[in-house]
Number of protein chains: 2
Amino acid sequence: MKPTEPMPVRIKIASILRREILAGEFAPGEELSLTDLGARFGVSRTPVREALQALASEGLIQLRMNRGAIVQKIDDKFIMDHFEIRALLESEAAARATKHLEQLLPMAQLHRSMLERISTVEQEEFVAYNQTFHMSLWEAADSQRLTHFLMDLWNGSSIGKTTDGGEHRVKALREHEEILQCIFLKEPEKAREAMRKHLLRSMENILASYHNQ
Amino acid sequence: MKPTEPMPVRIKIASILRREILAGEFAPGEELSLTDLGARFGVSRTPVREALQALASEGLIQLRMNRGAIVQKIDDKFIMDHFEIRALLESEAAARATKHLEQLLPMAQLHRSMLERISTVEQEEFVAYNQTFHMSLWEAADSQRLTHFLMDLWNGSSIGKTTDGGEHRVKALREHEEILQCIFLKEPEKAREAMRKHLLRSMENILASYHNQ
DNA sequence: CCCCTAAAAATTGTATACAATCTTCCAAAA
DNA sequence: TTTTGGAAGATTGTATACAATTTTTAGGGG
């Protein structure tokens, strides 16, 4: 087993800043200084600069020529727009997945295991399962391009508190079940709609936790 | 008037490499060396490196830790997947635009002017109009997030030859007309479908010119 | 007191230097 | 002959140095 995964510094810094921006820890429009951030993380400006460029490409900050970066305002509208886009793309993935059922079998097995043990699984395991569920569908959609954009959107979906009560997990699991049934019955449009409902309800959950911060 | 627009080197290099990759001027899987590209463009590795990271975030190349970059294979499937995503998002934009008609008036005027003069406009002017048409709809959709992703997809849509005969222009103009009518009649679902048809037909055009290279 | 100008300071953009990792290649052992 | 180990070379990741642009600030004129 790998002791610790080697990760470029720019990725780590981008992850930290992404989480902080989405958590609302910066004021909208606040300026991000390369020197300050470098000092904070104990690295030079180079990887910080690269991290900021990555965040700009995700739309979380704005890069202005020779004038530094300012953080985007993350409000309800931002979150709703974000999930609308994710819903459009991930619904398409669910619809397409009906054409590649065999690829879904391992995930479906994990899903059944979850159904049985849901009351006793740790939060960490559920998060991992949830990620496997969604990403397996992306893969089954058989579109590198779709997977790529959904990965981007996934990173930006970790908004607000991560510790929601077990109630959300049960609902999510039921919705996953419905999505899978539509897919295995080869009903692309029903799968699309089920995925859309699932994501928009998750969004409501996130909006609620976002307000309670 | 500005004499020459100042642009970061990384943007220029990214634009050049993007066009070349989409034009198929690199073999799929070909390795891109920072040193070589720096020498080619007469700059240091730093802006080249940043350009490659931008292209990686667009999915045009793959960055491997400590092992350089390899170019993505651009084939019919890539193009079709690309336009499917663009169709999903830009259809949504068209549907949403029905809620902000006033923002569309300047573009609609330009459109009418095009209708009248189509037989005499230069290619360059039509390209500018086409960009205005699409981006005005994005703006009218009133979703920064949607605009951001569509801008990304727009950059990646310049595949193959740019000089298609005037026939395509007439067809595109007719389709634009249909889209605008649906929007101004406040029929979001019809607008969505019209935009989808427009983009998928444009895709066919691009696929054809791509094959003839 | 306000506004305009210019020099100084600070910040970003690019180039270069250094460190860490990977690849290549050759020799020695099985 | 094939394989393995490791040193040399090449390439990427990060740090630092330099150049260019912007922001700040101090001072003089209105």
Side-chain angles (χ1 to χ4, degrees), chain A residues 1-18 20-21 25-72 151 155, chain B residues 1-18 20-21 25-72 151 155:
Chain A
M1 202 204 276
K2 310 167 191 170
T4 55
E5 180 136 1
M7 280 252 266
V9 176
R10 72 168 188 281
I11 306 282
K12 288 192 226 167
I13 292 179
S15 300
I16 296 174
L17 290 178
R18 184 186 299 115
E20 292 183 349
I21 291 173
E25 296 183 15
F26 294 99
E30 182 171 344
E31 295 193 7
L32 299 179
S33 153
L34 292 182
T35 314
D36 292 354
L37 289 174
R40 173 183 159 193
F41 292 112
V43 300
S44 78
R45 291 176 4 189
T46 308
V48 175
R49 179 179 162 82
E50 294 177 344
L52 291 190
Q53 285 173 12
L55 294 177
S57 89
E58 298 173 22
L60 264 45
I61 67 178
Q62 246 181 298
L63 247 44
R64 301 164 310 170
M65 177 69 167
N66 277 320
R67 298 180 59 217
I70 57 177
V71 315
Q72 185 66 264
M151 187 68 79
N155 285 333
Chain B
M1 202 206 276
K2 309 168 192 171
T4 55
E5 180 138 2
M7 280 251 267
V9 177
R10 71 167 189 280
I11 306 282
K12 289 192 226 167
I13 293 179
S15 299
I16 297 174
L17 290 178
R18 183 186 300 115
E20 292 183 349
I21 291 172
E25 295 183 15
F26 294 100
E30 182 172 343
E31 296 193 6
L32 299 179
S33 152
L34 292 182
T35 314
D36 293 353
L37 289 174
R40 173 183 160 193
F41 292 112
V43 300
S44 77
R45 290 177 8 196
T46 307
V48 174
R49 179 178 163 82
E50 294 177 343
L52 292 190
Q53 285 173 12
L55 294 177
S57 89
E58 298 173 22
L60 264 45
I61 65 178
Q62 246 181 296
L63 247 42
R64 303 162 309 170
M65 177 68 169
N66 277 321
R67 297 181 58 216
I70 57 177
V71 316
Q72 185 66 272
M151 187 67 80
N155 285 333

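Quantities reported herein were computed from a predicted structural model and do not represent experimental measurements. The sequence lines fix the lettering, A, B, ..., with proteins before strands; numbering per chain opens at 1.
Residues B:L63 and B:A56 come closest through the heavy atom pair CD2-CB, 4.0 Å. Contact detail for A:V48 and A:S44: the closest heavy-atom pair is CG2-O, 3.5 Å.
By the salt bridge (Lys or Arg N to Asp or Glu O under 4.0 Å) test, B:E25 pairs with no residue at all, sequence neighbours left out. Listed by chain and residue number, B:M135, B:W138 satisfy the side chain to side chain contact (heavy atoms under 4.5 Å, CB included) test with B:M151 (two or more places apart in sequence, or in another chain). In this structure, the side chain to side chain contact (heavy atoms under 4.5 Å, CB included) partners of B:V9, at least two apart in sequence or on a different chain, are B:I13, B:V43, B:P47. Applying the side-chain hydrogen bond (donor to acceptor under 3.5 Å, both in side chains) criterion to A:R45, with sequence neighbours excluded, gives no partner residue. For the side-chain hydrogen bond (donor to acceptor under 3.5 Å, both in side chains) test, residues two or more places apart in sequence or in another chain that qualify with A:E20 are A:R40. Remark: A:P8 pairs with A:R10, A:I11, B:M65 by the side chain to side chain contact (heavy atoms under 4.5 Å, CB included) rule, at least two apart or across chains.
Remark: nothing in residues 50-57 of chain A comes within less than 4.0 Å of DNA chain D through any heavy atom. Shown for residues 42-49 of chain A: residues whose heavy atoms fall under 4.0 angstrom of DNA chain C, namely A:R45, A:R49.
At least one side-chain heavy atom of B:L32 sits less than 4.5 Å from a side-chain heavy atom of B:L52. At least one side-chain heavy atom of A:L17 sits under 4.5 Å from a side-chain heavy atom of A:F41. Looking at A:L60 and A:V71, their side chains never come closer than 4.5 Å, going by heavy atoms from C-beta outward.
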Nucleic acid footprint by protein, nucleotides 20-25 of chain C - heavy-atom cut-off 4.0 Å, B for base, S for sugar-phosphate alone:
-SSS--
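Across the protein-nucleic acid pair, A:L63 atom CG and C:dT11 atom P stand 16 Å apart, rounded to whole Å.
For residues 49-70 of chain B, every residue pair satisfying the salt bridge (charged side-chain N to carboxylate O under 4.0 Å, His left out) rule, not counting sequence neighbours, is listed here: A:R49-B:E50, A:E50-B:R49, B:R18-B:E58, B:E31-B:R64.
Using a 4.0 Å cutoff to heavy atoms of chain A, the contacted part of DNA chain D runs 5' to 3' from D:dT14 to D:dT23.
Mapping B:D36 and A:P8 onto DNA chain D by nearest heavy atom places B:D36 at the nucleotide closer to the 5' end.
We find the OG-CG distance between A:S57 and B:L55 to be 11.0 Å, quoted to the nearest 0.5 Å.
Nucleic acid contact class of B:I13 (heavy atoms, under 4.0 Å, all strands): none.
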